Structures are given as structure tokens and as C-alpha cells.
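Contents: one structure, followed by commentary.
Just so it is clear, the structure is predicted and the values come from calculations on it, not from any experiment.
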Protein chains: 2
Amino acid sequence: MKQDGRLVRIVDVARAAGVSPSTVSKALNDSGSLKAATRERVREAADRLGFVSDAGARALSMRRTFIVGLLSTDDIGRFSMPVMQGAENAFAVGEISTLVATARHDAVREQHHLRTLIARRVDGIIVTGKTTDPREPIEVPVPVVYALAPSADPDDISVLPDDAAGMRLVVDHLRTLGHRRVAHIAGRADQNTSRVRLAALQEALAEAGMELVGEPLFGEWSEPWGRRAVDLVLRDAAEPPVTAIVCASDQLARAAADRLRERGLRVPDDIAVTGYDNWHVMWSASRPPLTTVDMELEALGRRAAERLLAEIQEADTGPRGIEYLPPRLVARGSTIAGD
Amino acid sequence: MKQDGRLVRIVDVARAAGVSPSTVSKALNDSGSLKAATRERVREAADRLGFVSDAGARALSMRRTFIVGLLSTDDIGRFSMPVMQGAENAFAVGEISTLVATARHDAVREQHHLRTLIARRVDGIIVTGKTTDPREPIEVPVPVVYALAPSADPDDISVLPDDAAGMRLVVDHLRTLGHRRVAHIAGRADQNTSRVRLAALQEALAEAGMELVGEPLFGEWSEPWGRRAVDLVLRDAAEPPVTAIVCASDQLARAAADRLRERGLRVPDDIAVTGYDNWHVMWSASRPPLTTVDMELEALGRRAAERLLAEIQEADTGPRGIEYLPPRLVARGSTIAGD
DNA sequence: GAAAATCAGGAAACCGATTTCCGAAACCGT
DNA sequence: ACGGTTTCGGAAATCGGTTTCCTGATTTTC
């Protein structure tokens, strides 16, 4: 395959097999009607010559490129990466290639990338972003699925992790363990995720007959904030006012656990801690390892890919609007002693 | 642009402008010889109709797809991501699109992806991986550049971060601050990176007339190991045997700083700590923030893209074999008090 | 054994651009 | 006014496949 001359074309195969180009095409694509012997002879010739069909030329006549675009609003980051991974995987089995484009929050760059994707005649586009804040839909003449960052248009297809379900899992877990009074350390107040998680937490707690102690603490998604927030929870209290702290991310939870230990409290015996994200470097570095929620982002990427494929084949069955995918609770030492 | 019928073709523009298709092509590509007025008229018609040239068809006649493949040996991870980002950026300005393929350490998957890339007639391929261990070169009929994971073949083009230079920066920094006796916490012994960093450290220390105290400590790339390693350094010593600990990663350094604080030692006053990677979540969460080395992976991705482009245009000037790119030292509180 | 139905494979049109080649028109100097 | 260049723009070939007929050959049917 490493010769430098032009690659093997279909006519070369045709000549080698003593048939016409159209016959080669039919043989290799299992179309038309050919004798089994002919098919075999062509196939044999094809891979003897190392023939690899030109996808571009094929796309031209089939009016289908088998390429999808993956447009990321920002950089490909910690969240969009697994999504992309899942999508790429799902597509690869269907012989579909993935073209990546990152807009870096720049509208001009985004437009530029969209133009290129259109020029490439992609069969469809998946749009991602790092937050779950709704975004302006993109205007293109091909199917689009939004993953992680939903479209503001309810007629578009969006796939999101079900944060509300995640919080219910957490509350359920804590209730089973006997906790009744919990505090919440949240992330940035201006992000959808923070508000959704808080709301879901409050609701789930109410249903379970449990109590959210103190104001929810909004801050940022950083360890320093996590540590500071713990101090606020424990503010001038001889006895801890709660038995568990639900954190909106693993980063916050890890910092919380650190701070609690520094303040002489044992996790989980004195206070249990839960995180969110199942981010390996965080949950495993925490002492003890974190009980957390896995959003199953890779599955989300796969699902987005499936929906897009269905949409491309005009056979989509899922709901328009936002589809929520169930997360998974992972119980570890930060809530279960001796784990 | 959101009509559902077929997209605007070059003949549509031709008709609208009252010229032939070939004239449209020339007008839009600034080729051939046309009156300025004609060119303008065609252009005007083209974007009035929202014409976007079909890249596939164009590729077919130009024998150049303006697509490159980005093949990752493993998943796209923390290290390959910025590389990919840098490459994608560099390519985007040249109107080149990036096709991603992740092999997940699976030879079969890798072969499969290579076949698809060849079928797509990519102009070239960038190969990455997460470690700097040399890898088997790939066999393809197009130019290839290896980034991060070098090819075992010295005739191939590889671009790597200069870890030796990075370690020299660290030693230099510590020497300036008056340190003479340092310990080293390394990562996995079976990885090239670990050995290279250690060797460079030893050499730089020798040159600077400084001393590496104790055996280098190999372990894993995790915080638990970082903490344990600190205990080994301080083992049954009333007084710390060193004034600085050079860690092979930010993760290790952050854990080391944590552990030192727990043992009642002040960083950097009693012992200074350095990391490697400039990994934001690690250096910023550390108390104090970490002095570390930034490998400039995004620049590395850009460089890889440049080399590949040059190679595609048969105008490469850089050296065959491995090209090392200079890292950058970032000084922070873990070595400089009051920072 | 003849008519009808089925099967195998090829010729040619087509997908949507680029590019080479060529003819007509405009321009030139004398 | 005339031969000789230039300039401009179109016709047609080409890139590498797929697909639609279409024609002989073979098989089926009664």
C-alpha cells in the first residue's frame, strides 16, 4: 500500500479481473446481479491490488458523504471529550467519519466552521459545549443533534444528562444511610447546572422528609471554594449542624473532604460527603474516595450519534426537544465507612 | 441556506450570472483570465444564491482533499487533547479539516481507522498517543507526523516536548533560590517519560553542583503515591534531609505539598516543591500553588501541523527524526514564598 | 421445442467541481 | 485597413466512483 504512484482505481481492478468497472462496483457493493464466481473473482483481484475505494468520489455519486461534523462551542474539554469519544465510537462502527471543529466561544469561528462543514457536505452535525446552558440553535441544511449544550429551540433534538435524577440518587442513598440533615455546596450561580442540581436536591429532600440546612452555597467550581464553603457550613458551631454535605462536583467534594479532615472531623463517620461527575483524578485522590454520580457522558455521546443517524435516515423515533439520560450512582468511602 | 432541496451548484450560479460553469470556477478561484467586471458579477451572484462549493467534488478534480487525519493510539486524553486542539487550530486557518480517529490501544481498530483515512484520501496524518514511548510507525501512502508519541523509525518525523530542557529549567530555578539538596518523586518506572526526566534531572543537578538525595522514587502517577513518597523521603529523619522535592508531575507535586503540610512542614519555607505539566486543576488547587513546567502542548500540536503541511507540500525544512520543543517554567508559590 | 421469464454483465449518464484547450473579439502598430 | 497579439470566456475532458437502462444468454414453463 506504500507505493507513491497514484492509488489503485476501480478501472485497474476491472482490467485485472477482466470485467467492466460497473461490474466491479456491483461486486464490491453486493448490488446488481452477478454470478457468485464473478463476484469472487473481482473481490480477489481487488484485494490483491490493495484497492481502497475513494470515499470522496463515492460520496459524489451517492449524494451521501458518511461524514458527520462535531462542533464544539468551546474547546474540547473534560465534559465534551467523553461525549465526543462516545459519538466517534458509535459512528465508526457505521463506517462514518467524524470531522471536528472547535469554536472557542467565538461566533466568527463558529460560522467559519459551519461553512466548512456545509462545504464538506456532512450528513449531519453534533453540537456540544461544556455547560448545559441552552444555546442559540445553528442554521444549517442538515440534521443536527445537540449534546450536553441543548438548543434553545424546543423543536430541535437535544440530549442531556439527567441531573435531577442524579440528585435523587444521591438523596436516596443518603436517606438509606440514615442521614436527615444535609448541606449543599454549589458551583457557579450563573450556570444552569448549578440551579438544576439545587432544585432537584431540594425537591428530593422534601419528598424524603429530609432537611436542607442553611442557604445553598454558590461559589465557583474550584477546590479553594470547596474548602471555604465547608468553613461556612461549620461556622461557629461546636457540633456539626449536618450529617452530610452534598457537593455539586467532585472537585468541590474532594476539597470539602480535605477541609473536614483538617478541621478534625472524620469522613464519613462525622460527616458524609458526596460529589458529582465521577472524575477519576478527583474521586480517587480524595480521602476517602468519593461517592459520586456518573453522568455516563460516553453513553450520552453514543446516544447523540444514534439520534443523529436516525435523523439522517429519516427514521428517528425519539422525542423532539430534550432527551434526558439516566446517570449512575457510585458509592464509595466518603459515605460508606470502611469502604 | 436552510432550504431542503438540493444545494446550490456551480451551474446554478453560472445560469444566474449568465456565464458558463468554467467561468464561475475561475471567478471564484481567482484563476484563468477574466474581466474584473465579470468576476464581480459572478461573485455577487454566488453569494446572492448562497453558493458553497462542494469540497468533495473539488477534491476529486484537484486531487487534494484538504483533510488530514488525526489518529490517537489511545483515547483522546489530557495530553493528546491540547495537541489535537493546537493542530486543529493551525489547520483551520489553512482551510484544512481534521478527521479524528481513536484506536484505544487496539491494533485492529487502528488498522480499521487507517483504512478509512486512506479511503478518504486524507492529505496527511498526525499520530498521537498519551505517552512519549516510541511506537511502531504506521504504513500509509501519505505524509505522517508523530506528535507526543514518536515513531520508532528515525526517518519519520516526530515532534516531542523537551523534557530534558524542562528539568534543566527546574534545576536552574532551584539553584537560583539557593537549594542544594533535592529529592525526586517519579512516576511509573516503565515509562519513557519517567526515565528521561530522571536522567535529565541527574545531569542538570551534577552540572549545577547540586545533589540528588536518596534513590529516585518510582511509583505511579497518582496522589496516593505522591503522599506515600513524601513519607519515604522524610523517613526517620528529625530534620528534613532535603530542601526541595522535584516531582515528575503536578499530581505528584500537589499530593506532596498536601502531605508535607500534614507533616507540619511549610512549603516552600521548609521544603520547596516543583511539579510538571502545568495542569490547572492541580497547580491551582495545591496549597501553595505549584511551580511547574508547561510543555506547551498546544504549540506542539501547531508545530506538528506545520510540519505535516510542509511535508504535504513537499517543502519541509525541519529535521527528520525527533524534533524537541522547548517547555516553559512557571514559578509560583510552591518554590517562592509569598507568591 | 417455442415462448416467456430471468439472469449476467456492459455502455453510458451522472454526481459537482477544475482545467486544458481553443475560438472569437478586442486591441495594437504601421 | 490589415495582419498579429492579447484578452476573455466557453466547450469538453477529467477526477473516481455509482446506477440506470439495455442487450444477449440462459433457464423456466407448458
Touch class at under 4.0 angstrom, heavy-atom based, for B:V24 against every strand present: nothing

Here the residues of residues 25-40 of chain A within 4.0 Å heavy-atom distance, strictly under, of DNA chain D are A:S25, A:K26, A:N29

Are B:R41 and B:E44 within salt-bridge range, i.e. N to O under 4.0 Å? no

Among the nucleotides D:dG10, C:dA17, D:dT18, which one has an atom lying closest to any side-chain atom of A:M62? D:dT18

According to a strict under-4.0 Å criterion, is B:R63 in side-chain N/O contact with OP1 or OP2 of D:dT14? no

Is the distance from OP1 or OP2 of D:dT18 to the nearest side-chain N or O of A:S22 less than 4.0 Å? no

Taking A:H113 for the side chain and A:R109 for the main chain, is one N or O donor matched with an acceptor at less than 3.5 Å? yes

Main-chain N/O of A:L60 paired to A:R63 side chain as donor or acceptor, under 3.5 Å: no

note: A:L60, atom CG; C:dC15, atom C1'; distance rounded to Å ~ 4 Å

Atom CG of A:D54 and atom P of D:dC15: how far apart are they, to the nearest Å? 12 Å

Among D:dG10, D:dG16, D:dG17, the nucleotide that comes nearest once only the side chain of B:T23 is considered: D:dG10

Measure from the side-chain N and O atoms of B:R328 to the backbone N and O of B:D294, and report whether any donor-acceptor pair falls under 3.5 Å. no

Mark yes when over 12 heavy atoms from residues, nucleotides or ligands other than B:E314 sit less than 6.0 Å from its CD; otherwise mark no. no

Using whole Å, what does the distance between atom C1' of nucleotide C:dG9 and atom CD1 of A:I10 come to? 14 Å

Degree of bending, the helix from C:dG1-D:dC30 to C:dT30-D:dA1 (end axes from five pairs; round to 10°): 30°

Any base atoms under 4.0 Å from A:V11, or only sugar-phosphate, or nothing? Heavy atoms, all strands. nothing

If you compare every side-chain N and O of A:S61 against the phosphate oxygens of C:dC14 (OP1, OP2), does one of them come in below 4.0 Å? no

Using only atom types and a distance under 3.5 Å, with no angle test, would you say the side chain of A:S25 pairs donor to acceptor with the backbone of A:P21? no

Least distance between heavy atoms, B:V83 atom then B:T128 atom: CG1-CG2, 3.9 Å

Between C:dG10 (P) and A:R15 (CZ): distance, integer Å: 14 Å

Nearest-Å distance, CZ (A:R121) to P (C:dA17)? 6 Å

As a test of reading the structure: which of C:dA17, D:dG17, D:dT18 is closest to the side chain of B:A57, going by heavy atoms? C:dA17

Does the side chain of A:S20 get closer than 4.0 angstrom to OP1 or OP2 of C:dG10 through an N or O atom? yes

Ion pair A:R302/A:E296, N-O distance below 4.0 Å: no

Gap between atoms CZ and P, on A:F66 and D:dG17 respectively (whole Å): 16 Å

Could you tell me whether a side-chain N or O of B:R39 sits under 3.5 Å from a main-chain N or O of B:K26, the two making a donor and an acceptor? yes

How far apart are the closest heavy atoms of A:F51 and A:V8, and which atoms are they? CD1-O, 3.3 Å

Whole angstrom value for the distance that separates P of C:dC15 from CZ of A:R120: 22 Å

